[in-house]
Amino acid sequence: MNDPVSVILDHLKVELELSEKLFLILQKEEKSLINNDLTQLESISTEKSQLVSDYLLTRDIRWKKLSSADIGLKEAEFEQWVISQKNEPLHNIWSKLNQVLTNSQQINRTNGLIIHQLSTKNQRAIAILLGQDDS
């Protein structure tokens, strides 16, 4: 079970697990932002940073595993390689990983918009308190 497809399949399972954890953290972050729970946001931010770092490191390890199996691919070629493999579990996990990452990007974008709105609201409140806003 040391063929490259099996090795990559096992590795993608690890990536999927990390990406699912990240998605859950992003959902927690969204709830905390909506509830303006700064205490929880602090711990979520630390956990989110660690998960992103772990995911990026794990993704880099995928490339090392491919390279050590003499499969020299560029990042843009990986999906085509997956598709070219006649391995349904590999296709399924790759598809699920991409979906989780896409969902994570969307919720992260939404969280960024919420943060921007809260920041704007806080800046206006500070300006009013400092007498810098005539309204």
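Atoms considered below: every heavy atom in the structure, side chains included; atoms not considered: hydrogens, waters and symmetry mates. This one's a predicted model, so the numbers in the text were calculated from it and none came from an experiment.
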(message) Let me confirm one number: the CD-CG distance from Glu88 to Leu90, rounded to the nearest 0.5 Å.
(response) 11.0 Å

(request) Drop me the distance from Asp60's CG to Tyr55's OH, to the nearest 0.5 angstrom. (result) 10.0 Å

(message) Within the 3.5 Å criterion, strictly below it, is a donor on Asp3 or Ser6 matched to an acceptor on the partner's side chain?
(response) yes

(request) With the side chain counted from C-beta on, respond yes when Lys48 and Lys28 share a heavy-atom pair under 4.5 Å apart, and no when they do not. (result) no

(message) Using a strict threshold of under 4.0 Å (side-chain N to carboxylate O), is an ion pair present between Lys21 and Glu47?
(response) no

(request) Would you mind reporting whether Gln106 and Asn103 have side-chain heavy atoms less than 4.5 Å apart? (result) yes

(message) Tell me if a side-chain donor or acceptor on Asn111 pairs with a main-chain N or O of Leu26 at a distance below 3.5 Å.
(response) yes

(message) Can you confirm whether more than 12 heavy atoms, excluding those of Glu42, are under 6.0 Å from its CD atom?
(response) no

(message) Test question: given the 4.5 Å side-chain rule for I, L, V, M, F, W and Y, name all other residues clustered with Ile34, or answer none.
(response) Leu33, Leu38, Leu41, Ile114, Ile115, Leu118

(request) Give the minimum heavy-atom separation between Trp63 and Lys74, together with the two atoms involved. (result) CH2-O, 3.9 Å

(request) Answer whether the closest heavy-atom distance between the side chains of Arg124 and Lys121 falls below 4.5 Å. (result) no

(message) For His116, is there any backbone N or O sitting under 3.5 Å from a side-chain donor or acceptor partner on Ser119?
(response) no

(request) Determine, stepwise, if the pair Ile83 / Phe78 fulfils side chain to side chain contact (heavy atoms under 4.5 Å, CB included). (result) CA-CA 9 Å; Ile83 292 168; Phe78 184 73; over 6 Å; no

(request) Check for a donor-acceptor pair, side chain of Asn35 on one end and backbone N or O of Lys31 on the other, with a separation under 3.5 Å. (result) yes

(message) How long is the straight-line distance from CD1 of Ile25 back to CG of Asn108, given to the nearest 0.5 Å?
(response) 12.5 Å

(request) Mind checking side chain to side chain contact (heavy atoms under 4.5 Å, CB included) for Asp37 and listing every partner two or more places apart, or none if nothing turns up? (result) Ser32, Thr39, Gln40

(request) Report the distance from atom CD of Gln27 to atom CD1 of Ile44, rounding to the nearest 0.5 Å. (result) 11.0 Å

(message) Under a 3.5 Å distance rule, please check whether His11 uses its side chain to pair with a backbone N or O of Lys65 as donor and acceptor.
(response) no

(request) Look at the side chain of His91 and the backbone N and O of Ser84, then say whether any donor-acceptor pair between them is shorter than 3.5 Å. (result) no

(request) Starting at CH2 of Trp81, measure out to CG of Leu73 and round the result to the nearest 0.5 Å. (result) 7.5 Å

(request) Flag the pair Arg62 / Leu66 as yes when at least one side-chain heavy-atom distance between them is below 4.5 Å, and no otherwise. (result) yes

(message) Taking Val7 as the starting point, is it possible to reach Ile93 by hopping between hydrophobic residues whose side chains are less than 4.5 Å apart?
(response) no

(request) With the side chain counted from C-beta on, respond yes when Ile8 and Lys13 share a heavy-atom pair under 4.5 Å apart, and no when they do not. (result) no

(request) Given side chain to side chain contact (heavy atoms under 4.5 Å, CB included), test Thr120 with Gln117 step by step and report yes or no. (result) CA-CA 5 Å; Thr120 300; Gln117 287 176 338; 5.8 Å; no

(message) Has Ser49 got a side-chain atom pairing as donor or acceptor with Ser45's backbone, closer than 3.5 angstrom?
(response) yes

(request) Check whether Val52 and Ile61 end up in the same hydrophobic cluster, where Ile, Leu, Val, Met, Phe, Trp and Tyr are linked by side-chain heavy atoms less than 4.5 Å apart. (result) no

(message) For the CD atom of Glu15 and the OG1 atom of Thr58, what is their distance to the nearest 0.5 Å?
(response) 6.5 Å

(request) Return the minimal non-hydrogen interatomic distance between Ile107 and Glu30, and the atom names on each side. (result) CD1-OE1, 3.6 Å

(request) Identify the two heavy atoms, one from Pro4 and one from Ile71, that lie closest to each other, and give their separation to 0.1 Å. (result) CB-CD1, 3.5 Å

